[in-house]
Amino acid sequence: MTRSAEVLRRDRPVVLQPVGEDNRAAILALELMPEQQGLVASNAESLAEAREDDEAVARAIVAAGRVVGFLMYSAPEEDDEAIIYRFMIDRREQGKGFGRAAVAAALKEIAHPGHISRVSICYEPQNEAARRLYASFGFVEKELDEDGEMIAVLELGR
Ligand SMILES: CC(C)(COP(=O)(O)OP(=O)(O)OC[C@H]1O[C@@H](n2cnc3c(N)ncnc32)[C@H](O)[C@@H]1OP(=O)(O)O)[C@@H](O)C(=O)NCCC(=O)NCCS
């Protein structure tokens, strides 16, 4: 990769937008690769879940005006722990740095109100892309949960 391509790949600004009528269809149109289907619930399921759960924060991941991914977390006001429990980048947009930019944006948003001191995340143990991505932000693997998913935790520095 040339140096300029490397810079482009790593400098991928994204914004997180609340889900609404303007981006719902684009979120539902996002796709995973066939071999990734079992790694995360479908966006249709997640949006349905978000409608029922007041604590669910659902976000479109938007780059240059295009929806490239979706994530969902909870960060209840009465708790000091946030959980990122859905995260995906469209199969056509993977490997371009959007996932990394989205994790950074989500952590910034979660930390902003100031009551969260720990963020946890979980993923299938064989999900090497997720493992590497989260480890690079300082997430430390703790244990498998009851569904056999790895739980990794990031202590936010204050
Ligand atoms: C995990 C996922 C969100 C990463 O998004 P992405 O936009 O492709 O990620 P990026 O291009 O920003 O890459 C960030 C880091 O992820 C890791 N990564 C991404 N793709 C990888 C792959 N195919 N193999 C190994 N590591 C990979 C690397 O550490 C990479 O950093 P590097 O380029 O400095 O080595 C995306 O692959 C995805 O949607 N996967 C399916 C759903 C999923 O697994 N969600 C997470 C668990 S809930």
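Index from 1, following the sequence.
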| query | Do Y85 and M88 sit in the same hydrophobic cluster, where Ile, Leu, Val, Met, Phe, Trp and Tyr count as joined when their side-chain heavy atoms come under 4.5 Å apart? | reply | yes

Do L144 and P125 make a side-chain contact, defined as non-hydrogen atoms from C-beta onward lying under 4.5 Å apart?
yes

Count I, L, V, M, F, W, Y as connected when their side-chain heavy atoms are under 4.5 Å apart, and connections chain through other members. Are L133 and L32 then in the same cluster? no

**Prompt:** Does the side chain of E109 pick up a donor-acceptor pair with the side chain of Y73 at under 3.5 Å?
**Reply:** yes

Are R24 and V19 side-chain neighbours, meaning at least one heavy-atom pair lies under 4.5 Å?
-> yes

d(E143 CD, M150 CE) to nearest 0.5 Å is 9.0 Å

When I89, D90, L47, I61 are each screened for side-chain contact (heavy atoms from CB on, under 4.5 Å) with F70, the one that passes is L47

Heavy-atom donor-acceptor pair, N127 side chain to A130 backbone, under 3.5 Å = yes

Minimal heavy-atom distance between F98 and A63, with the atoms involved, is CE2-CB, 3.4 Å

All heavy atoms of A105 vs all of V14, minimum pair found to be CB-CG2, 4.4 Å

**hydrophobic_cluster_shared for V15 and V57, side chain cutoff 4.5 Å** = no

dist E149:CD -> I121:CD1 (nearest 0.5 Å) comes out at 11.0 Å

Q.
Between V103 and V40, is there shared hydrophobic-cluster membership here, with clusters defined by ILVMFWY side-chain heavy atoms closer than 4.5 Å?
A. no

Given 3.5 Å as the limit, does a donor-acceptor pair link the side chain of H115 with the main chain of A75, or not? yes

d(L39 CG, R86 CZ) to nearest 0.5 Å is 12.5 Å

Would you indicate whether the side-chain heavy atoms of V119 and I110 approach each other to under 4.5 Å?
yes

Answer whether the closest heavy-atom distance between the side chains of V153 and V140 falls below 4.5 Å.
no

Nearest heavy-atom contact between D145 and C122 is OD2-SG, 4.5 Å

**OP:** Taking the side chain as every heavy atom from C-beta outward, state whether R118 and L154 have any atom pair closer than 4.5 Å.
**Re:** no

Check: Are a donor atom and an acceptor atom from the side chains of E81 and S120 found within less than 3.5 Å of each other?
Finding: yes

Side-chain heavy-atom pair E93, R66 within 4.5 angstrom cut-off = yes

**Request:** State whether the side chain of D53 and the backbone N or O of E55 hold a donor-acceptor pair below 3.5 Å, judged by distance alone.
**Result:** yes

Looking only at heavy atoms, the pair that brings G99 and F87 closest together is O-CZ, 3.5 Å

Value for CE (M33) from CZ (R92), rounded to nearest 0.5 Å, stands at 10.5 Å

Note: R59 and P18 closest approach over all heavy atoms is NH1-CA, 3.6 Å

Can you confirm whether F137 sits close enough to R100 that some side-chain heavy atom of one is under 4.5 Å from a side-chain heavy atom of the other? yes

Distance col, row D79:CG vs S74:OG, nearest 0.5 angstrom, shows 8.0 Å

One should read off an interatomic distance between R91 CZ and E31 CD, to the nearest 0.5 angstrom, of 4.5 Å

task = May I ask you to check whether Y123 and E141 show a side-chain donor-acceptor distance below 3.5 Å?
result = yes

Q | Side-chain heavy-atom pair I116, L156 within 4.5 angstrom cut-off | A | yes

- Could you verify whether a donor N or O on one side chain and an acceptor N or O on the other, from S42 and E45, lie under 3.5 Å apart? yes

Exercise for review: Evaluate whether atom CD of E77 has more than 12 neighbouring non-hydrogen atoms of other residues, nucleotides or ligands under 6.0 angstrom away.
Suggested key: no

> Are L16 and Y134 in one and the same hydrophobic cluster, where Ile, Leu, Val, Met, Phe, Trp and Tyr link if side-chain heavy atoms are under 4.5 Å apart?
Replying inline: yes

Next on the checklist: Would the distance check show the side chain of H112 and the main-chain N or O of L107 forming a donor-acceptor pair, the cut-off being under 3.5 Å?
Outcome noted: no

